[in-house]
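This report concerns only the one structure given below.
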Amino acid sequence: GSRLYYTSTHWLTGVQIGPDGRNWYQITNELSSTEIYYAPAEHLRIIKPEEYAPTAQNVPAEDKRIEISLTEQMVRAYEKDTEVFSARISSGIPDNRLPDEELPTGTPEGRFRIYSKMPSKHMGSVAGGEEVEERGGFTLPGVPWTLFFRMPGGYALHGTYWHNNFGLQMSHGCVNMRNQDALWLFRWSTPVFDSAKVESHRDWEKTGNGTQVIVQVPRLPEDET
């Protein structure tokens, strides 16, 4: 059976009485509606809305920006020129062997906007099982606190439960963060996530012209000639 990892987040799609006579929560695979799992309710914790409620709403949205330094492997949040948050990240590892039509595995540089945020996303290859492993793919259910900033490719900042190597490049293009750091940005940034407007775990394409995300490799002083 599939594993649910500690600190991953999941959409609950139902409740059933389990073989032990207690409540078990139903979880439906976001990439395949026919794939359904069950877990004892006492093994999961319901995340209350106030835990991911928006913060700094008195700050004008245009005064907020997120800067990602690929050289330093750091993310910083600013309100105008004041740094209000910083954390180590793991950005994407570039793969120069990929065909031109493949999406780059290095985190893209440039100026973007957060267009969608979700508390939980299933990331990785659509195919499951051994086929994923054979192709060198990956499947990551329950990725927490996702902030999507570039399409195509679904590049996002998000929480990470599968490694703790922050400060080193690790990902397939996304910006890996500690869960608590991703949650901080999730709450602080725009567009505001409204759980009342999300009718199902698939209903995530809530596009919005949100907080600016600047991804850059800062120039060193000797480069300025």
Side-chain angles (χ1 to χ4, degrees), residues 5-11 44-92 107-108 111-123 140-150 154-171 173-198 201 204 206-216 218:
Y5 288 91
Y6 182 65
T7 73
S8 59
T9 59
H10 303 271
W11 296 101
L44 302 174
R45 183 181 73 86
I46 300 294
I47 300 173
K48 299 175 182 177
E50 55 265 30
E51 295 181 58
Y52 54 86
T55 59
Q57 289 190 287
N58 59 323
V59 179
E62 277 306 307
D63 288 349
K64 297 180 180 182
R65 74 180 184 279
I66 297 169
E67 294 189 3
I68 296 166
S69 168
L70 300 182
T71 304
E72 299 174 278
Q73 291 291 291
M74 291 287 293
V75 60
R76 297 178 175 90
Y78 292 88
E79 294 174 2
K80 284 195 171 179
D81 294 325
T82 302
E83 181 181 312
V84 294
F85 175 84
S86 66
R88 289 190 178 276
I89 61 157
S90 291
S91 67
T107 301
R111 292 175 179 265
F112 311 98
R113 293 272 183 179
I114 295 173
Y115 65 86
S116 175
K117 299 194 307 191
M118 288 300 280
S120 170
K121 283 298 294 178
H122 190 141
M123 292 187 173
L140 297 169
V143 177
W145 314 120
T146 61
L147 297 82
F148 290 90
F149 63 86
R150 184 194 158 178
Y155 294 96
L157 298 105
H158 58 71
T160 309
Y161 57 78
W162 53 93
H163 77 77
N164 195 33
N165 298 324
F166 302 105
L168 301 174
Q169 292 175 313
M170 289 289 295
S171 82
C174 286
V175 177
N176 293 179
M177 305 176 67
R178 295 189 308 162
N179 288 349
Q180 59 265 45
D181 294 336
L183 175 57
W184 194 98
L185 284 180
F186 186 94
R187 300 181 67 182
W188 175 84
S189 62
T190 61
V192 170
F193 174 78
D194 186 351
S195 58
K197 294 182 179 178
V198 180
H201 64 294
W204 67 279
K206 301 293 185 185
T207 57
N209 188 31
T211 300
Q212 183 174 215
V213 178
I214 302 170
V215 185
Q216 58 191 347

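- Taking CZ from R88 and CG from D181, the interatomic distance works out to 11.5 Å, rounded to the nearest 0.5 Å.
- For the pair P119/W11, a side-chain contact is recorded, criterion being any heavy-atom separation below 4.5 Å from C-beta on.
- Q73 places no side-chain N or O within 3.5 Å of a backbone atom of F166 that could act as its donor or acceptor partner.
- Residue-environment remark: CZ (R187) exceeds the threshold of 12 foreign heavy atoms within 6.0 Å.
- K64 NZ to K80 NZ: the interatomic distance, rounded to the nearest 0.5 Å, is 13.5 Å.
- Here the side chains of T107 and L70 are in contact, with some heavy-atom distance below 4.5 Å.
- Scanning both residues, G173 and Y155, for their nearest heavy atoms gives O-CD2, 3.4 Å.
- A donor-acceptor pair is defined here as one N or O able to donate and one able to accept, closer than 3.5 Å; no such pair exists between the side chain of S120 and the backbone of G142.
- With rounding to the nearest 0.5 Å, the separation of CD in Q169 from CD1 in I89 is 9.0 Å.
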What do the steps show when you test S90 against T160 for side chain to side chain contact (heavy atoms under 4.5 Å, CB included), and what is the final call? CA-CA 10 Å; S90 291; T160 309; over 6 Å; no
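- Rounded to the nearest 0.5 Å, atoms CE (M177) and CZ (F186) are 12.5 Å apart.
- Note that K117 lies outside the cation-pi zone of F193, set by a 6.0 Å cut-off to the ring centre and a 45° limit from the axis.
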Side chain to side chain contact (heavy atoms under 4.5 Å, CB included) between V213 and V175: does it pass, once the steps are laid out? CA-CA 11 Å; V213 178; V175 177; over 6 Å; no
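- Shown are M118, M123, K121; of these, the side-chain contact (heavy atoms from CB on, under 4.5 Å) with H158 is made only by M123.
- Side-chain N or O atoms of S171 include none that pairs as donor or acceptor with a backbone N or O of N176 at under 3.5 Å.
- When all heavy atoms of V143 and G159 are compared, the closest pair comes out as CG1-O, 3.6 Å.
- Between Y161 and Y5, the two ring planes are parallel [angle under 30°; tilted spans 30° to 60°].
- Classification of the W184-F85 ring pair by plane angle, with boundaries at 30° and 60°, yields parallel.
- Note that OH of Y52 is 10.5 Å distant from OG1 of T9, once rounded to the nearest 0.5 Å.
- Of the possible donor and acceptor atoms, none in the side chain of N165 sits under 3.5 Å from a partner among the backbone N and O of M170.
- Here the shortest heavy-atom pairing between W188 and E79 reads NE1-OE2, 2.8 Å.
- In this structure, L147 CG and T211 OG1 are separated by 8.5 Å, a value rounded to the nearest 0.5 Å.
- Proximity of a side-chain donor or acceptor of T190 to a complementary backbone N or O of G210 within less than 3.5 Å is not detected.
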